[in-house]
A.B. asks: 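Here you go, one structure.
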Amino acid sequence: MDFMGNAFLKTAANYSVVVLCMVLFLAVFELVTRYKNWVEIKNGNLSVAMATGGKIFGIANIFRYSISQNDSLLMMVMWGIFGFILLLIGYFIYEFLTPKFQIDKEIENDNRAVGFISMVISVGLSFVIGEGIE
């Protein structure tokens with residue numbers, strides 16, 4: 001029986017793999033930021049929630065494109081990983097291009113303008129990255 005030929009099983013497989021990747025990728029983001037995402041969110045830091053929400057949306061959006069462009073689960077994951085790496089590079093570029101202040105410090109201090117821009121950058125880049133997925 002061709003498991004990936006069954007739409008229900010294919011959807012479940014894609015979903016399961018994306019959830020696993022999402023957890024892994026968010027852990028990577030947790031390592032590269034100076035604040036603890038979930039602690040800050042629990043404490044009501046809206047800036048961290050917006051920035052983290054943008055990352056979640058960005059990762060999911062990249063995988064949306066990856067799923068739509070690939071029949072193979074392996075290729076879907078490979079493109080998703082590549083897209084995540086590009087999103088992560090975008091995060092570092094954003095940090096580099098704002099030398100007057102530290103993005104992470106501003107987000108940790110609940111600067112909502114910076115949190116909002118961080119969210120929009122993650123979302124926006126995910127569309128650009130996703131469009132390039134084959």
Side-chain angles (χ1 to χ4, degrees):
M1 178 177 181
D2 178 22
F3 288 110
M4 292 310 279
N6 182 308
F8 292 109
L9 291 176
K10 184 175 180 183
T11 299
N14 287 338
Y15 172 80
S16 299
V17 169
V18 169
V19 168
L20 181 63
C21 288
M22 180 84 65
V23 169
L24 178 65
F25 297 166
L26 287 173
V28 170
F29 271 123
E30 183 91 18
L31 290 173
V32 300
T33 55
R34 58 180 277 136
Y35 50 84
K36 299 296 178 205
N37 291 304
W38 303 110
V39 170
E40 291 293 327
I41 290 168
K42 181 180 178 281
N43 291 333
N45 188 324
L46 186 59
S47 299
V48 172
M50 286 189 290
T52 303
K55 292 168 188 169
I56 291 168
F57 183 96
I59 294 165
N61 194 39
I62 288 167
F63 273 105
R64 180 195 79 78
Y65 281 97
S66 184
I67 290 168
S68 71
Q69 293 296 320
N70 293 286
D71 290 331
S72 156
L73 191 63
L74 179 61
M75 287 307 296
M76 181 271 289
V77 170
M78 296 302 291
W79 276 104
I81 292 170
F82 181 67
F84 168 72
I85 291 168
L86 293 177
L87 193 63
L88 189 61
I89 290 169
Y91 171 81
F92 289 123
I93 290 170
Y94 173 44
E95 184 80 45
F96 176 75
L97 291 176
T98 53
K100 299 254 187 228
F101 59 92
Q102 294 177 320
I103 301 299
D104 279 356
K105 187 174 181 180
E106 294 297 321
I107 291 173
E108 184 178 28
N109 291 333
D110 204 11
N111 182 330
R112 294 178 184 175
V114 176
F116 179 75
I117 291 297
S118 295
M119 177 184 71
V120 171
I121 286 172
S122 293
V123 170
L125 285 177
S126 75
F127 281 100
V128 173
I129 294 164
E131 191 59 36
I133 291 176
E134 295 184 11

A.B. asks: Once you round to the nearest 0.5 Å, how far does CG of Asp110 lie from CZ of Arg112?
C.D. replies: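 Reported value, rounded in 0.5 Å steps: 4.5 Å.
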A.B. asks: Mind listing the closest non-hydrogen atom pair of Gly115 and Met50 along with its distance?
C.D. replies: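 Looking at all heavy atoms of both residues, the closest pair is O-CB, 3.8 Å.
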A.B. asks: Enter the distance from Met76:CE to Asp71:CG here, rounded to the nearest 0.5 Å.
C.D. replies: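 Taking CE in Met76 and CG in Asp71, the distance rounds to 11.5 Å.
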A.B. asks: Say you draw a straight line from NZ of Lys100 to CD of Glu106; how long is it, rounded to the nearest 0.5 Å?
C.D. replies: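 So the gap between those two atoms works out to 13.5 Å.
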A.B. asks: Checking the side chain of Asn61 only, and the main-chain atoms of Phe57 only, is there a donor and an acceptor separated by less than 3.5 Å?
C.D. replies: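 No.
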A.B. asks: Is there a donor-acceptor contact under 3.5 Å from the side chain of Thr52 to the main chain of Ala49?
C.D. replies: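 The answer is no, because no donor-acceptor pair under 3.5 Å joins these two groups.
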A.B. asks: Will you find, in the side chains of Tyr35 and Asn109, an N or O donor that is under 3.5 Å from an N or O acceptor?
C.D. replies: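 There is no such pair between these side chains.
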A.B. asks: Is Val17 linked to Phe8 within one hydrophobic cluster, defined over Ile, Leu, Val, Met, Phe, Trp and Tyr using a side-chain heavy-atom separation of less than 4.5 Å?
C.D. replies: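 In one cluster: no.
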A.B. asks: Taking all non-hydrogen atoms of both residues into account, name the closest pair between Ile133 and Gln69 and its distance.
C.D. replies: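 Closest pair (atom of Ile133, atom of Gln69, distance): O-CG, 3.6 Å.
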A.B. asks: Using modelled atom types and a 3.5 Å cut-off, is there a donor and acceptor pairing between side-chain atoms of Asn111 and backbone atoms of Ser47?
C.D. replies: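 No: the side chain of Asn111 does not pair with the backbone of Ser47.
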A.B. asks: Looking at CG of Leu74 and CE of Met78, how far apart are the two atoms once the value is rounded to the nearest 0.5 Å?
C.D. replies: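 Here the rounded value is 6.0 Å.
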A.B. asks: Could you grab the distance from atom CD1 of Ile85 to atom CZ of Phe25, nearest 0.5 Å is fine?
C.D. replies: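 Rounded to the nearest 0.5 Å, the CD1-CZ separation comes to 7.5 Å.
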A.B. asks: Check Tyr94 against Ser118 and note the closest heavy-atom contact, atom names and distance.
C.D. replies: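 Scanning both residues, the minimum pair turns out to be CE2-OG, 3.1 Å.
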A.B. asks: Please check if the side chain of Ser126 supplies one atom and the backbone of Val123 the other of a donor-acceptor pair under 3.5 Å.
C.D. replies: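 Checked: pair present.
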A.B. asks: Would you give the length of the straight line joining atom OG1 of Thr33 to atom CD of Glu40, rounded to the nearest 0.5 angstrom?
C.D. replies: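 With rounding to 0.5 Å, OG1 (Thr33) is 9.5 Å from CD (Glu40).
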A.B. asks: When you look at Phe84 and Phe29, which way does the ring-ring contact (aromatic ring centres under 6.0 Å, His included) test go after all the steps?
C.D. replies: CA-CA 10 Å; Phe84 168 72; Phe29 271 123; 5.4 Å; yes
A.B. asks: Take atom CZ in Phe116; do more than 12 heavy atoms of anything else shown fall under 6.0 Å from it?
C.D. replies: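 Count not over threshold, so no.
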A.B. asks: On a heavy-atom basis, which atom in Cys21 and which in Val77 lie closest, and how many Å separate them?
C.D. replies: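 Scanning both residues completely, I find the closest heavy atoms to be SG-CG1, 4.5 Å.
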